[in-house]
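Reviewing the structure listed below.
In this text, all values refer to a predicted model and were calculated from it rather than measured experimentally. One-based numbering along the sequence shown.
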Amino acid sequence: MKLSKTEEQLMQHLWKLEKAFMKDLLEQYEEPKPATTTIATLLKRMTDKGYVAYKTFGKSREYYPLIKKADYFSKHLNGLIKHFFNDSASQFASFFTKETNLSEDELKELRTIIDQQLKENKK
């Protein structure tokens with residue numbers, strides 16, 4: 001199951017903090033801060049989806065992510081490639097390099113990254 005935009009925003013805070021109590025999460029938001037009940041509802045849904053777990057300390061819960069940020073992003077990106085680019089990474093790369101107005105330096109950096117990955121794949 002995918003996270004909603006509000007759940008992703010909360011997850012970003014949790015990834016940053018690594019583990020957090022409700023008050024720690026609320027502090028991450030700018031004014032106007034969401035209601036405690038809103039955050040509690042989001043955390044419940046995220047726990048039910050298997051993205052978050054918690055340890056209980058008395059009446060308080062310390063939340064922590066069950067998925068790494070890179071793993072979530074990778075799964076999300078692979079889904080985008082599958083659904084919007086006919087499961088073709090090269091179609092995605094073509095779209096990405098043409099539509100994001102990358103500078104010449106950024107394109108060269110991408111080429112370096114790709115060349116490095118090719119070398120590692122040959123090993």
Please table the atom pairs, donor to acceptor, closer than 3.5 Å between any side-chain atom in residues 42-53 and protein atoms at least two apart or in another chain.
residue, atom, partner, partner atom, Å
Lys44, NZ, Asp48, OD1, 3.1
Lys44, NZ, Asp48, OD2, 2.9
Arg45, NE, Glu7, OE2, 2.9
Arg45, NH2, Glu7, OE2, 3.4
Thr47, OG1, Leu43, O, 2.7
Lys49, NZ, Lys2, O, 2.9
Lys49, NZ, Glu7, OE1, 2.7
Lys49, NZ, Glu7, OE2, 3.4
Tyr51, OH, Met1, O, 2.3

For a quick test of your reading: what N or O donor-acceptor pairs under 3.5 Å do the side chains of residues 85-93 make, sequence neighbours left out?
residue, atom, partner, partner atom, Å
Ser88, OG, Ser90, OG, 3.1
Ser88, OG, Gln91, N, 3.1

- Message: Which residues pass the side chain to side chain contact (heavy atoms under 4.5 Å, CB included) test with Glu30, not counting sequence neighbours?
- Response: none
- Message: Once side-chain hydrogen bond (donor to acceptor under 3.5 Å, both in side chains) is applied, do any residues pair with Gln116, and if so which ones, sequence neighbours excluded?
- Response: Glu120
List, one per line, each side-chain donor-acceptor pair under 3.5 Å for residues 63-77, sequence neighbours excluded.
residue, atom, partner, partner atom, Å
Lys69, NZ, Gln12, OE1, 3.1
Tyr72, OH, Glu8, OE2, 2.6

- Say you draw a straight line from OG1 of Thr38 to CG of Leu10; how long is it, rounded to the nearest 0.5 Å? 11.0 Å
- Quick one: side chain to side chain contact (heavy atoms under 4.5 Å, CB included) partners of Gln9, sequence neighbours excluded? His13, Tyr29
- Message: Going by the rule side-chain hydrogen bond (donor to acceptor under 3.5 Å, both in side chains), which residues pair with Asn121 if we only count those two or more places apart in sequence or in a different chain?
- Response: Gln117
- Item | Of all pairs that satisfy ring-ring contact (aromatic ring centres under 6.0 Å, His included), the ones with a partner from residues 102-123, not counting sequence neighbours | none
- Message: Using the side-chain hydrogen bond (donor to acceptor under 3.5 Å, both in side chains) criterion, which residues pair with Asn101? Sequence neighbours excluded.
- Response: none
- Task: Name all residues meeting the side chain to side chain contact (heavy atoms under 4.5 Å, CB included) criterion together with Ile113; count only those two or more places apart in sequence or in a different chain, and write none if there are none.
- Result: Glu109
- Task: Could you tell me the separation between the CD atom of Glu99 and the OG atom of Ser94, rounded to the nearest 0.5 Å?
- Result: 8.5 Å
Validation: residues 18-26 side-chain donor-acceptor distances under 3.5 Å, sequence neighbours left out:
residue, atom, partner, partner atom, Å
Asp24, OD2, Phe21, N, 2.9

- Note on the structure: So CG of Leu17 and CD of Glu62: to nearest 0.5 Å the spacing works out to 10.5 Å
- Under a 4.5 Å side-chain heavy-atom rule over Ile, Leu, Val, Met, Phe, Trp and Tyr, are Leu107 and Phe95 clustered together? yes
- Message: So, using side-chain hydrogen bond (donor to acceptor under 3.5 Å, both in side chains) as the criterion, who are the partners of Ser103 when residues are at least two apart?
- Response: Glu106
